[in-house]
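To keep things clear, I will list the structure first and then write my remarks on it.
In what follows, chains are A, B, ... by sequence order, proteins preceding strands, each numbered from 1.
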Number of protein chains: 2
Amino acid sequence: MNIASVERDCGLPKDTLRVWERRYGFPNPLRDKQDERLYPADQVATLRLLRRLVIAGHRPGKVVGLPDDQLKKLLEKVGGPDDQPTAHEAKQVLELLRAHDAVGLRNHLNAMVLRAGLGAFASVTGPRLVEAIGLAWSRGGLEIHQEHFFTEQFTTVLRSAINASQGSGFPRARPRVLFGTFPQEPHALGLMMAEAMFTLQGCLGVSLGVQTPIPEIAAAARAHKADILALSFSAIIPAAQASAGLAELRGLVPGTTEIWAGGACSGLRPKPGVHVLRELASIGPAIEAWRARATLTDGSDGPSPGKTDQFASTNQGEQS
Amino acid sequence: MNIASVERDCGLPKDTLRVWERRYGFPNPLRDKQDERLYPADQVATLRLLRRLVIAGHRPGKVVGLPDDQLKKLLEKVGGPDDQPTAHEAKQVLELLRAHDAVGLRNHLNAMVLRAGLGAFASVTGPRLVEAIGLAWSRGGLEIHQEHFFTEQFTTVLRSAINASQGSGFPRARPRVLFGTFPQEPHALGLMMAEAMFTLQGCLGVSLGVQTPIPEIAAAARAHKADILALSFSAIIPAAQASAGLAELRGLVPGTTEIWAGGACSGLRPKPGVHVLRELASIGPAIEAWRARATLTDGSDGPSPGKTDQFASTNQGEQS
DNA sequence: ATGGCGTATTTGTCCAGGACAAAATGGAGA
DNA sequence: TCTCCATTTTGTCCTGGACAAATACGCCAT
């Protein structure tokens, strides 16, 4: 396996792979006749363990080079003790995942949506479930393909629930909302849960999907005459990048378009012209507030700017 | 904009950006105080044009360094003259896209599915539409965000059609099908259209989504006891990589699991243990053939291997 | 003990410029 | 017109050095 394949499969950049080898002596790939690195399968597997540990907060210098069994022992400890209520809710999902029961998983997720209602599912149950699955993965209790499989089923269930709720209710023309993520952000579930929350308020949202270049997001916002630009940030986005990207975006879209940012990214801070919604449940009230502002200013061009800080709730429940 | 951002936004690897600069004198980025490249926005825009031209078959040595207006002139010529029937079908969709009409686009796509029926849509109309949109993009007639937007709407419509058809019809337990793409392949539409074709035959398919590492695909196939592993390849996958990946995968899954590969990738060739389906419409007959083989061998462990070449149709209509 | 702050270490990303194989091109001969 | 071989083009990989941002550590004051 060459260095480009390892980069794709493990998510570790080429430069990082080379510098780990230089500094820590691991990985220790073979070389082909042109002196290019050839990574054996077992080292690639170890690199995947290492990536999980690094994401979980371990420092490369402390863990790179350790034998596999020690790495696995460390992995079991990440994330602290099991969160009881979450564990209970997620337990059955994990069991279905481990049993590879596609039909059962789909039915179970559908039942969860029906029981909780779409609003509670998208703002509370769903995020909690996604977090639990991510935690299980980082502990090594799930294979990558099981996480892919979960994502796919979750997407299907939530998407059809959104579609179903779109026709009903009280559809309103405004605010017009555009959804998207930055190019660094491949995580689609947080975005979709946000979309659900907006849909429940009668907004007909339009999604660009994940990983759209910032100038393109801005161009789309202008083209759609969006009232609100909703961006989702998972924990993997470095705080500085999120901040810089939001500033760039703020400069590219008209002042009448509000920017709402949410997600588990720790570096998300409210700034002039950028609202931060710490949890998905606050989307509903925020839309109501927007509409109140809109009618106040005659509703033709959206609300006037200002009153930013009412969005900066202190709660920090949500995750991507 | 630093080199990593440009890599993400333009899809050109860092090494390529540096070597173009060295060889052709373009791009010609500024430098910050640590002597690192800073790309101005206009050069990034030109790089996007260049990427389109290179994908369309132009050689970097001939086009890198040319002024923007010449590049745009070249872009208008790529893809040959308009394909008349396709152009007619896609015209309204393009108009809706250019008008940023979310509701209209959704309704139009839904109407297309209803008019053609899911089978014809997923195997003929849909691929043709996707190809026309891709062509329009490579000619510069569409912004990136418009293509994202189209993908999102297309996904939503097709996904709900698949869901709706899943309950009805004559669900059969076999064959069990697993869908996925290689890590290099981010294109989800081809995969989903294939999923639709399988679903119409009563298969309850399970999707891993895009970009799953090959060992993980194999692990999932074993875990789900898949009868068929369906892989989608778009034109961006180099022939050699597709071939090598399929060989690797073939060695990792049991002989009772068939591998079916399809898509616009030119390098896709049938080989021992790997079936190539050149067009989506051939999926239906192929499943019937599988079932005939399955009952022949008592249907408990799937059909015996062999009779590979019946799948290697000569037609080449499909695209990813 | 606890919290704030300045210094030291760690870590990821970038650079230059060379090398080479795979792919594409072009020309010669059948 | 087609096939085959030499030549050019092109992308990706290499080494080893550099540096800033992030993180940990030691110190002092409360």
Side-chain angles (χ1 to χ4, degrees), chain A residues 1-8 10-39 47 50-51 53-66 183-184 235-244 265-267, chain B residues 1-8 10-39 47 50-51 53-66 183-184 235-244 265-267:
Chain A
M1 209 174 204
N2 65 7
I3 197 169
S5 311
V6 177
E7 171 173 24
R8 271 195 310 269
C10 302
L12 293 166
K14 295 193 244 286
D15 276 321
T16 301
L17 289 168
R18 284 193 275 254
V19 91
W20 280 11
E21 181 181 339
R22 202 194 313 166
R23 287 180 185 153
Y24 316 122
F26 185 91
N28 187 12
L30 311 171
R31 298 295 179 124
D32 66 8
K33 62 177 190 294
Q34 320 136 33
D35 213 35
E36 296 187 354
R37 292 171 174 80
L38 282 181
Y39 294 83
L47 284 168
L50 286 169
R51 169 124 196 280
L53 283 172
V54 170
I55 289 177
H58 282 87
R59 308 218 65 183
K62 307 283 181 187
V63 291
V64 176
L66 261 48
Q184 306 93 324
I236 65 163
I237 301 283
Q241 282 186 29
S243 193
C265 178
S266 56
Chain B
M1 207 175 205
N2 65 7
I3 197 169
S5 311
V6 177
E7 170 172 25
R8 271 193 310 267
C10 302
L12 293 166
K14 294 193 245 283
D15 276 321
T16 300
L17 289 169
R18 284 195 274 252
V19 91
W20 279 11
E21 182 181 340
R22 200 194 315 166
R23 286 180 185 151
Y24 316 122
F26 185 89
N28 188 11
L30 310 171
R31 298 296 180 124
D32 66 8
K33 63 176 191 291
Q34 321 137 31
D35 213 36
E36 296 187 353
R37 292 171 175 79
L38 281 181
Y39 294 83
L47 285 168
L50 286 170
R51 169 121 196 279
L53 283 171
V54 170
I55 289 177
H58 282 85
R59 308 218 65 185
K62 308 281 181 189
V63 292
V64 177
L66 263 48
Q184 306 91 326
I236 65 163
I237 302 282
Q241 282 187 29
S243 193
C265 177
S266 55

*Does any donor-acceptor pair link the side chain of R22(B) with the base of dG18(C) at a separation under 3.5 Å?*
yes
*asked:* I want to check one thing: is the phosphate of dT12(D), taken as OP1 and OP2, less than 4.0 Å away from some side-chain N or O of T16(B)?
replied: yes
*Roughly how many Å is it from CD in E36(A) to C1' in dG11(D), rounded to a whole number?*
11 Å
*Any donor-acceptor pair under 3.5 Å joining the side chain of R23(B) to the base of dG11(D)?*
yes
*Base, sugar-phosphate alone, or nothing: which one does R37(A) contact when heavy atoms must sit under 4.0 Å apart?*
sugar-phosphate
*asked:* With a 4.0 Å limit, can you tell me whether Y24(A) has a side-chain N or O closer than that to the phosphate oxygens OP1/OP2 of dT11(C)?
replied: yes
*Between dC15(C), dG12(C), dC19(D), which one does the side chain of W20(A) approach most closely?*
dG12(C)
*asked:* Quick check: on DNA chain C, is the nucleotide nearest Q34(A) upstream (toward 5') of the one nearest E7(B), or the reverse? Name the residue that is more 5'.
replied: E7(B)
*asked:* Output the rounded distance in Å from NZ (K14(A)) to C1' (dC15(C)).
replied: 16 Å
*asked:* Would you say R31(A) places a side-chain N or O within less than 4.0 Å of OP1 or OP2 belonging to dT15(D)?
replied: yes
*Taking CD from E21(B) and C1' from dT10(D), how many angstroms apart are they, rounded to a whole number?*
17 Å
*Tell me, do K14(A) and K14(B) make a side-chain contact under 4.5 Å, heavy atoms counted?*
no
*Could you state the atom-to-atom distance from CZ of R18(A) to C1' of dT13(C) in whole Å?*
12 Å
*Under 4.0 Å between any heavy atoms, over every strand shown, what does D15(B) touch: base, sugar-phosphate, or nothing? Just pick one.*
base
*Compare all side-chain heavy atoms of L50(B) with those of P60(B) and state whether any distance is below 4.5 angstrom.*
no
*CD1 of I3(A) to OH of Y39(A): how many Å apart, nearest 0.5 Å?*
4.0 Å
*Tell me: NZ of K33(A) to C1' of dA22(C), nearest whole Å?*
11 Å
*Could you tell me whether R37(B) and E7(B) have a side-chain N and a carboxylate O separated by less than 4.0 Å?*
no
*Using whole Å, report how far CZ of R51(B) lies from C1' of dG11(D).*
14 Å
_Taking the minimum atom-to-atom distance to the side chain of N2(B), which one of dT15(D), dC14(C), dT23(D) wins?_
dC14(C)
_Separation of atom CZ in R59(B) from atom C1' in dA24(C), rounded to whole Å_ = 4 Å
_From CG of D35(A) over to C1' of dC13(D), roughly how many Å is that when rounded to an integer?_
10 Å
*Where the side chain of P60(A) is defined as all heavy atoms beyond and including C-beta, which of dT11(C), dC20(C), dC13(D) is the nearest nucleotide?*
dT11(C)
*So, do L47(B) and W20(B) sit near enough that their side-chain heavy atoms are less than 4.5 Å apart?*
yes
